[in-house]
Amino acid sequence: MDFYIDLKNIAQEELKQINLDRVNVNCSPPDFEPHRQYYFIAKCRQMVKSESERLGRPLYACTVTFGCQMNARDSEKLAGILELAGYVPSEDETADFVIYNTCTVRDNANQRVYGRLGFLNSMKKKNPHMKIALCGCMMQEASVIEKIKKSYGFVDLIFGTHNIFKFPELLCTMLESGRRVIDIWKDTDQIVEDLPVERKYAFKSGINIMFGCNNFCSYCIVPYVRGRERSRSPKDILREIECLVKDGVVEIMLLGQNVNSYGKNLEEPVNFAGLLREAEKIEGLERIRFMTSHPKDLSDELIEVMKESKKICRHLHLPLQSGSTRILKAMNRRYTKEQYIDLALKIRREIPDIAITTDIIVGFPGETPEDVEETIDVIKQVKYENAFTFIYSKRTGTPAAAMENQVPERAVKEGFDRVLRTVQDTARERVALLQGKVLPVLVEERNEQDSSLMTGRLSNNTLVHFPGDASLIGKIVDVRLEECHGFYYLGRIVNL
Ligand code: SAH
Ligand code: SF4
Ligand code: F3S
């Protein structure tokens, strides 16, 4: 009689172990999370199975990620759900189910999505069973939803960033009804734990420690599409890290738009430095990374914790955005050029082997060639190991989009090139300091261009390519850094 499992009676810890084929989907779904979503995964599983039997082949699902590390982590959740629902993972965008996890931080991210949707449409015409889904940051913009409804009627499922945990339920509704499903939430204070995850790498993983952002930098759309800042409880985070380590993970990256303000909305008195101290204690964990640090909130305590740590990587991503105090003010970054330089140089002094990387925007409204010079001056003083340089992109709804003195793209190009050149020159100078040294490298993958080489990372995040084979993936090996090629090295394993 109790051959069927009723999810309402299952403890949270047991959820991931149960046989979903035995879940009773004829009773009503549980009304609490994440049990409710496991119920819908079980239901999808039945539908996927019968469709696959009908076609006499497996059903494939392809998850495509645009944007940042946080989206990459969300995609691992989507992939985990799809796999449990019975789909076979595929990298081929002609799969039976294709989902785009979108980004809207700059307009070119949106344009890429629209371009590729055209291709998906032509695929769908050849395979009418194909289902197409869109989720992620772009979907939180009303104008995008309007455009998709109007011009991309072939999309079957649309949801946003706040209800991503509801993916199984929405997928089930779509499969069952055969109709288009759209569900977008304006905001949420919910954090749903313990959904299935399919990691891209066996040995490293991102972990969300917080969601959303409260900073409202005037150019940035993220606070509008990701909502207010919410931190996960340290208990949940540490439990997740422990599980990952048991599963073979040696490197974690703690993810948040501004990790330095971690813990502010929690009842427990915990800050980011405190969380790092606890993570450090987890046995078997070798490397801890984090992203991103807002300069205004970076504490001396964090520098101290990094300095003392054996596991926290020698890398700090410290977005500058602009070197002009006037522009920084208009950007609402809440630090001056001098404060930023003092902070960066203090970090270099305290932790001499650290690599500092950054993000820079060129072409913010009102930016003059003199402002660009200020940015170049900061680059020359800090000498970043690497920097992402972006041309300002006007995002509708942000304060900067309404500013009058927008700089024409033509005028931006010259400053952008100069910034880029300065970054390249100073980075080469910094990265070359390691020439000849033997340092531990976590081996990540086979080199894409030359299959006789493996690619890994130093603690300071610099890429190293060296002769080796796939058996090394996930291992930490000592490599002699032989040739500096600007941002990366060619090296050779040494057997000490
Ligand atoms: N939370 C992170 C950044 C997330 S977005 C932080 O504050 O550092 C990643 C980067 O995209 C930003 O650092 C910024 O350099 C860039 N960016 C954000 N909005 C942009 C815009 N409207 N135009 C161009 N670049 C932008
Ligand atoms: Fe955007 Fe600023 Fe928040 Fe970063 S800190 S996500 S740049 S608003
Ligand atoms: Fe893009 Fe959203 Fe990340 S807008 S940068 S995917 S938070």
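Computed over heavy atoms, backbone and side chain alike; hydrogens, waters and symmetry mates excluded. Atoms within a ligand are numbered from 1 in the order they appear, just like the ligands themselves. All residue numbers in this chain count up from 1 along the given sequence. Bear in mind that the values here come from a model prediction, so they are computed numbers and not experimental data.
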**Asked** Below 6.0 angstrom between ring centroids: does that apply to Tyr488 and His465?
**Response** yes
Heavy-atom nearest neighbour in the protein, as seen from [atom], with distance rounded to 0.1 Å:
{"atom": "atom 8 (S) of ligand 2", "result": "Cys217 N, 3.3 Å"}
{"atom": "atom 8 (O) of ligand 1", "result": "Pro319 CG, 2.9 Å"}
{"atom": "atom 1 (Fe) of ligand 2", "result": "Cys220 SG, 2.3 Å"}
{"atom": "atom 25 (N) of ligand 1", "result": "Arg106 NH1, 3.5 Å"}
{"atom": "atom 9 (C) of ligand 1", "result": "Asp359 OD2, 3.8 Å"}
{"atom": "atom 2 (Fe) of ligand 3", "result": "Cys137 SG, 2.2 Å"}
{"atom": "atom 4 (C) of ligand 1", "result": "Gln257 OE1, 3.3 Å"}

**Request:** Kindly determine whether Arg334 and Gln339 satisfy side-chain contact (heavy atoms from CB on, under 4.5 Å), including the steps that lead there.
**Result:** CA-CA 10 Å; Arg334 286 170 277 174; Gln339 283 167 333; over 6 Å; no
**Message:** Consider side-chain hydrogen bond (donor to acceptor under 3.5 Å, both in side chains). Of Arg199, Glu240, Arg73, Lys200, which one does Ser205 pass it with?
**Reply:** Arg73
Would you please determine whether [X] falls within less than 4.0 Å of ligand 1 on a heavy-atom basis?
{"X": "Ile391", "value": "yes"}
{"X": "Ile361", "value": "yes"}
{"X": "Thr292", "value": "yes"}

So, are [X] and [Y] salt-bridged, with charged N and O less than 4.0 Å apart?
{"X": "Arg36", "Y": "Glu169", "answer": "yes"}
{"X": "Lys311", "Y": "Glu280", "answer": "no"}
{"X": "Asp417", "Y": "Lys413", "answer": "yes"}
{"X": "Arg326", "Y": "Asp371", "answer": "yes"}
{"X": "Glu385", "Y": "Arg348", "answer": "yes"}
{"X": "Glu414", "Y": "Arg418", "answer": "yes"}

**Prompt:** Would you say Cys103 reaches atom 2 (Fe) of ligand 3 with an N/O/S atom under 2.8 Å?
**Reply:** no
**Nearest option to atom 5 (S) of ligand 2, as decided by whichever heavy atom of Asp359, Asp297, Asn215 sits closest** = Asn215
Report yes or no: is the cationic atom of [X] (NZ for Lys, CZ for Arg) closer than 6.0 Å to the six-membered ring centre of [Y], at no more than 45° off its axis?
{"X": "Lys204", "Y": "Tyr201", "result": "yes"}
{"X": "Arg116", "Y": "Tyr100", "result": "yes"}
{"X": "Arg112", "Y": "Phe66", "result": "no"}

Under-4.0 Å heavy-atom contact with ligand 1, by part of [X] that carries it:
{"X": "Ser393", "result": "both"}
{"X": "Arg395", "result": "side chain"}
{"X": "Asn258", "result": "neither"}
{"X": "Val105", "result": "both"}
{"X": "Arg333", "result": "side chain"}
{"X": "Phe390", "result": "side chain"}
{"X": "Gln321", "result": "side chain"}

What part of [X] sits under 4.0 Å from ligand 2 if we count only heavy atoms: the side chain, the backbone, both or neither?
{"X": "Cys213", "result": "side chain"}
{"X": "Tyr219", "result": "side chain"}
{"X": "Pro319", "result": "neither"}

Atoms of ligand 2 less than 4.0 Å from [X] heavy atoms?
{"X": "Pro223", "value": "8 (S)"}
{"X": "Val222", "value": "6 (S)"}
{"X": "Phe216", "value": "8 (S)"}

**Prompt:** So is Gln257 in contact with ligand 3, going by heavy-atom distances below 4.0 Å?
**Reply:** yes
**Request:** Tell me which part of Met138 gets within contact of ligand 3: side chain, backbone, both or neither, using heavy atoms under 4.0 Å.
**Result:** neither
**Prompt:** Of the backbone atoms (N, CA, C, O) and the side-chain heavy atoms from C-beta on, which set of Arg226 has a member under 4.0 Å from an atom of ligand 3: side chain, backbone, both, or neither?
**Reply:** side chain
**Request:** Dump the intermediate steps for ring-ring contact (aromatic ring centres under 6.0 Å, His included) on Tyr60 and Phe97, then the final yes or no.
**Result:** CA-CA 6 Å; Tyr60 294 95; Phe97 183 85; over 10 Å; no
**Message:** For the backbone of Val305 and the side chain of Ser309, can you confirm whether one donor and one acceptor N or O come within less than 3.5 Å of each other?
**Reply:** no
**Prompt:** Under the 3.5 angstrom rule, does the side chain of Asn163 hit a backbone N or O of Gly160 as a donor-acceptor pair?
**Reply:** yes
**Heteroatom N/O/S of Cys68 within less than 2.8 Å of atom 3 (Fe) of ligand 3** = yes
**Sole residue of Val441, Leu442, Thr455 in side-chain contact (heavy atoms from CB on, under 4.5 Å) with Val464** = Val441
**Request:** Considering the heavy atoms of Tyr392, write down every atom of ligand 1 situated less than 4.0 Å from one of them.
**Result:** 23 (N), 24 (C)
**Worked verdict on Tyr38 versus Leu84 for side-chain contact (heavy atoms from CB on, under 4.5 Å)** = CA-CA 9 Å; Tyr38 277 84; Leu84 261 193; 4.2 Å; yes
**Prompt:** Is any N or O atom of Tyr219, backbone or side chain, closer than 3.5 Å to an N or O atom of ligand 1?
**Reply:** yes
**Message:** Would Arg333 count as a contact residue for ligand 2, given that I'm defining contact as a non-hydrogen atom of the residue lying under 4.0 Å from a ligand atom?
**Reply:** yes
**Asked** Going by atom types only, do Thr292 and His317 share a side-chain donor-acceptor pair under 3.5 Å?
**Response** no
